Amino acid sequence: MVITRFAPSPTGYLHIGGLRTALFSWLWAKRNEGKFLLRIEDTDQARNSDDALNAIIKAFDWVGMSYDGDVVYQSKRFDVYTKYINQLLDEGKAYKCYMSKGELASLREEQMAKKERTRYDGRYRDFDGTPPDGVEPVIRIKAPLDGKLEFNDGVKGLISIDATEVDDFVIARADGTPTYNFVVAIDDFEMGLTTVIRGDDHLYNTPKQMIVYNALGFEMPKFYHVAMINNEQGKKLSKRDGATDVMDYQTQGILPEALLNFLVRLGWSHGDQEEFSIDEMIELFNPKDINKSSSNYNLDKLMWLNANYMKKMDRDKLIELLKDYGLDISTHSKKDNIIDATIERAKTLVELVSQINLILDTPKEYDAKSSKKAFKGEASKILKEFIEELKAKDILDTPKDYHDVMDNYLSKNELGFGKLGQPLRVALLGKMSGSGLDEIMYILGLDEVASRVENAIGFIES
RNA sequence: GACCCUUUCAUCUAGUGGCCAAGGAUACUAUGUUUUCAACAUAGUUACAGAGGUUCAAAUCCUCUAAGGGUCGCCA
């Protein structure tokens, strides 16, 4: 049984990088018909824990990832941690340290001055004297004094660190609350994790957690440390690089399938394949194939994927989704034509909505450059004649009918398409680019087309 | 500063000693198609961080250098 987890600290929204490691963990659990657990790391100041948790769950919901069992809150497990702390104290594997914060700070300064790695010097490790007055001790764990701390990372290979690099770190604060590296090891063990996939900013925590595993006699899970996602310049991803909150992608009109497809290909690949359905990801993903190096974040490919997913999507589902973006065409008699006319011109749902609105909304004004170019010469005369031709036609049931009227009119008068097309387009849409004219006219119907063209003629002549 | 990790086109990546004068995708450029824009099709530009080894043969193995990242909390 493979058991993986995602363990965020509830400090805010779900970050795009967090979603990727969660996705990797989720996929691996799914592939092995195992479990994917969710744990909230709130041992410290549990600031707006509820909001943050809800934000994370909302994001999971949106992308369609689900976790197994109940959410585990570390803040509700303090009695468990206390039990283990006492056990280690009894066994002499942990000890009370009476060093004050001030003393610790000056020790660090000294070490900095000597250009050493800063670390606790173990001064209370074997202390059996009288403790100083007025100092609430912290509990420190005894780290090995020599040798190496080694583990085999599933991504990076053998990680080897001198034991002297790791100090006797604090496992319980002066107020008795346990610290991160201690509780993570306990929970990962007690939750039965077989596989931990996490960001490589945790790489250096692993030896520390190893010390806890060893002290408690726990078996270690397999670790996979995934390199960070950087921005396009290779620097750490920050808010100024665009959307880091997963839910921002919904706002931008990105499909969750596209986002996951984009993320799964950051640091992982399967030959030359670019597009993966969720089922394919589950079938093919293996953490041993994760790349060692960090990847840079570039939205071009996401947009390309999103456009592809939109095109492939079931039309009714797409139209339903559009409602979330303020556009309801579900009862429009020509809804399929509307999608046909616009889908190739939009990379996001938001763009699709604006493309559709461009057709559906009567233009309020004409783009200055476009009208200058299109509304000149005989434009108004041509538009007038064309509308008469349209009105004279008795059947206008398909885009092609409109197209035929255009063709007939142009060949009768020996005119190029642009002579009619340009002014007509600006009359209908207010600008020079957009969907095919025949489709637009068919969607709008004769009356609306005539009305928009008459407006344009009025504009030209005034 | 110390320790650890990383390094193939602009970007995501394929590549585990010969199949690589390095493949795919995005982006970019050009051409075609189209009433415009987009989409599509075709073509094109661009990369093994550097230097030394090992080997008949190196993007792939070794060493050094450089650059980038991470970590050094009674945060997580």
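Because the structure is predicted, anything quoted here is derived from the model rather than measured. Letters A, B, ... mirror the listed sequences (proteins, then strands); counts begin at 1.
Within the shown strands, B:rG1 is the pairing partner of B:rC72 under the Watson-Crick or G-U definition, both distances less than 3.5 Å. Pair check for B:rC37 finds none; no Watson-Crick or G-U wobble contact set falls under 3.5 Å. When both distances must be under 3.5 Å, the Watson-Crick or G-U wobble mate of B:rU11 is B:rA25. Under the Watson-Crick or G-U wobble criterion, with both distances below 3.5 Å, B:rU16 has no partner in any strand shown. Nucleotide B:rU63 forms a Watson-Crick or G-U wobble pair with B:rA51, both donor-acceptor distances falling under 3.5 Å. Across all strands shown, B:rA57 remains unpaired; no Watson-Crick or G-U wobble contact has both distances below 3.5 Å. Using the Watson-Crick or G-U wobble rule with both distances under 3.5 Å, B:rA30 pairs with B:rU42.
For the pair A:Pro8 and A:Arg39, the tightest heavy-atom approach, listed with the atom from each and the gap, is CD-O, 3.1 Å.
Residue A:Asn296 places at least one side-chain N or O closer than 4.0 Å to OP1 or OP2 of B:rC12.
Taking the six-membered ring where the residue is Trp, the centroids of A:Tyr309 and A:Trp304 are separated by 6.0 Å or more. Taking the six-membered ring where the residue is Trp, the centroids of A:Phe285 and A:Phe24 are separated by under 6.0 Å.
Side-chain proximity of A:Ser295 to B:rU13, B:rA2, B:rA76: nearest is B:rU13. For A:Lys101, whose side chain is taken as the heavy atoms from C-beta onward, the closest listed nucleotide among B:rC74, B:rU6, B:rU11 is B:rC74. Across B:rG23, B:rA38, B:rC72, the shortest atom-to-atom separation from the side chain of A:Arg345 is found for B:rA38. Ranking B:rU6, B:rA76, B:rG73 by closeness to the A:Lys292 side chain, first place goes to B:rU6. Closest contact between the side chain of A:Arg117 and the listed nucleotides B:rC74, B:rC3, B:rA25 involves B:rC3.
Note on A:Met432: a base of the nucleic acid sits closer than 4.0 angstrom, heavy atoms only.
Ranked by how close their nearest RNA chain B nucleotide is to the 5' end, A:Asp438 and A:Asn291 are led by A:Asn291. Looking at which nucleotide of RNA chain B each of A:Val155 and A:Glu439 is closest to, the 5′-most match is held by A:Val155.
The closest side-chain donor-acceptor pair between A:Tyr180 and A:Asn205, if any, does not fall under 3.5 angstrom. Side chain to side chain, A:Asp42 and A:Gln74 fail the donor-acceptor criterion of an N or O pair below 3.5 Å.
Contact annotation: side chain of A:Arg119 to base of B:rC72, donor-acceptor pair absent below 3.5 Å.
Comparing the C1' positions of B:rC3 and B:rC9 gives an interatomic distance of 33 Å, to the nearest angstrom.
Stacking is found between A:Phe417 and the pyrimidine-like six-membered ring of the B:rU35 base under the 5.5 Å centre-distance and 30° plane-angle cut-offs.
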